[in-house]
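Every value quoted in this text rests on a predicted model; they were computed, and no experiment measured them. All residue numbers refer to positions in the sequence shown, counting from 1.
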Amino acid sequence: MQIDSDLLDNAILLKEKEPVFRLYAWSPKCISLGRNQKEDFIQNTNIDVVRRLTGGRALLHDNEITYSCVMPAKEGISVNDSYKEISKILIDFFKTLGVKLDFGENKKISTKFDYCMLISTGADVCYQGKKIIGSAQFRKQGYILQHGSILFDYDKEFLEELFGEKVQGITTVKEILPEMTKEMFVKELEKFILTIF
């Protein structure tokens with residue numbers, strides 16, 4: 001998360017014109033909290049906690065791929081439209097794997113502890129109505145930082161114990177493409193990103 005923040009500051013300092021797209025993973029597993037989110041519910045866990053520069057709700061970084069994109073904001077483009085523009089890169093990538101993703105519907109879901117993946121907005125990326133990618137955005141001095149989590153797989157029981165709520169309405173790369181390993185997925189995504197940037 002600090003590297004994402006540093007990349008944003010560096011782009012502003014150097015007035016970068018080209019986007020920077022980054023993929024990374026977490027070890028050990030970690031919870032990231034949105035910029036203004038309360039952290040009361042995580043006091044009794046043994047998991048590292050970080051605070052994101054971006055908003056949104058709590059996210060467990062475990063068996064997933066995190067992406068980030070830093071780029072100049074186009075003049076006059078709304079936050080929602082820029083969010084969708086960046087997310088469409090991932091939708092187009094999944095299309096190369098034979099998987100059709102689309103933007104979800106706005107849903108009001110009552111969650112006790114605000115687990116990010118259970119909340120769906122019109123800009124979130126879903127597979128057959130189930131959320132697979134959760135993202136958040138931050139703007140600073142004419143630049144955008146958007147980062148998010150691509151769920152590769154998850155431990156449902158652990159998530160429900162951690163967040164104290166039923167996990168539903170999400171899916172994973174592993175569920176959609178059971179033969180795909182995480183290494184294969186990352187390699188294909190890296191190749192795709194290089195073709196567009």
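The closest donor-acceptor contact from the side chain of E64 to the backbone of S149 lies at 3.5 Å or more, if one exists at all. R22 places no side-chain N or O within donor-acceptor distance of the main-chain N or O of C69, the cut-off being under 3.5 Å. A donor-acceptor pair is defined here as one N or O able to donate and one able to accept, closer than 3.5 Å; no such pair exists between the side chain of R139 and the backbone of G142.
The side-chain heavy atoms of D92 and F192, taken from C-beta on, include a pair separated by under 4.5 Å. Between D124 and K131 the shortest side-chain heavy-atom distance falls below 4.5 Å. Side-chain atoms of T171 and I176, non-hydrogen and from C-beta on, do get closer than 4.5 Å to each other. Within the 4.5 Å cutoff, side-chain heavy atoms of L90 are placed close to those of I150. Put simply, the side chain of I31 does not reach to within 4.5 Å of the side chain of L59, judged on heavy atoms. In this structure, the side chains of K156 and K166 come closer than 4.5 Å at one or more pairs of heavy atoms. A 4.5 Å side-chain heavy-atom check between H61 and S32 finds at least one atom pair inside the cut-off. Under the 4.5 Å side-chain criterion, counting only non-hydrogen atoms from C-beta, E85 is in contact with K74.
Using a 3.5 Å distance cut-off with no hydrogens or angles, the side chains of S135 and Y67 do pair a donor with an acceptor. Y127 and D102 share no donor-acceptor pair across their side chains, judged by distance under 3.5 Å alone. The closest side-chain donor-acceptor pair between T66 and H147, if any, does not fall under 3.5 angstrom. Q137 and T54 form no side-chain donor-acceptor contact under 3.5 Å, judged by distance and modelled atom types alone.
Under the 4.5 Å side-chain contact rule for hydrophobic residues, F152 and L97 share a cluster. By the criterion of side-chain heavy atoms lying less than 4.5 angstrom apart, applied directly or through intervening Ile, Leu, Val, Met, Phe, Trp or Tyr residues, I132 is grouped together with F185 in one hydrophobic cluster. Residues M184 and L189 share a single hydrophobic cluster, defined by chaining ILVMFWY side chains whose heavy atoms lie under 4.5 Å apart.
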| query | Where do K174 and N63 land on the side chain to side chain donor-acceptor pair (under 3.5 Å) test, with the steps shown first? | reply | CA-CA 10 Å; K174 198 70 182 164; N63 197 355; over 6 Å; no
| request: Begin from the C-alpha positions of F158 and L60 and carry the test side-chain contact (heavy atoms from CB on, under 4.5 Å) through to its verdict. | output: CA-CA 10 Å; F158 178 75; L60 175 67; 3.7 Å; yes
| said: Please determine whether side-chain contact (heavy atoms from CB on, under 4.5 Å) holds for the pair F94 and I133, giving the CA-CA distance in whole Å, both sets of side-chain angles, and the decisive distance to 0.1 Å. | reply: CA-CA 11 Å; F94 271 88; I133 303 173; 4.1 Å; yes
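Checking I170, D62, I65 one by one against L151, the side chain to side chain contact (heavy atoms under 4.5 Å, CB included) holds for a single residue, I170.
With sequence neighbours left out, the side-chain contact (heavy atoms from CB on, under 4.5 Å) criterion links I91 to L101, F103, V125.
The hydrophobic cluster around V70 extends to I3, L7, L8, I12, V20, L53, F138, Y143, L145, counting ILVMFWY residues whose side-chain heavy atoms fall within less than 4.5 Å of a member.
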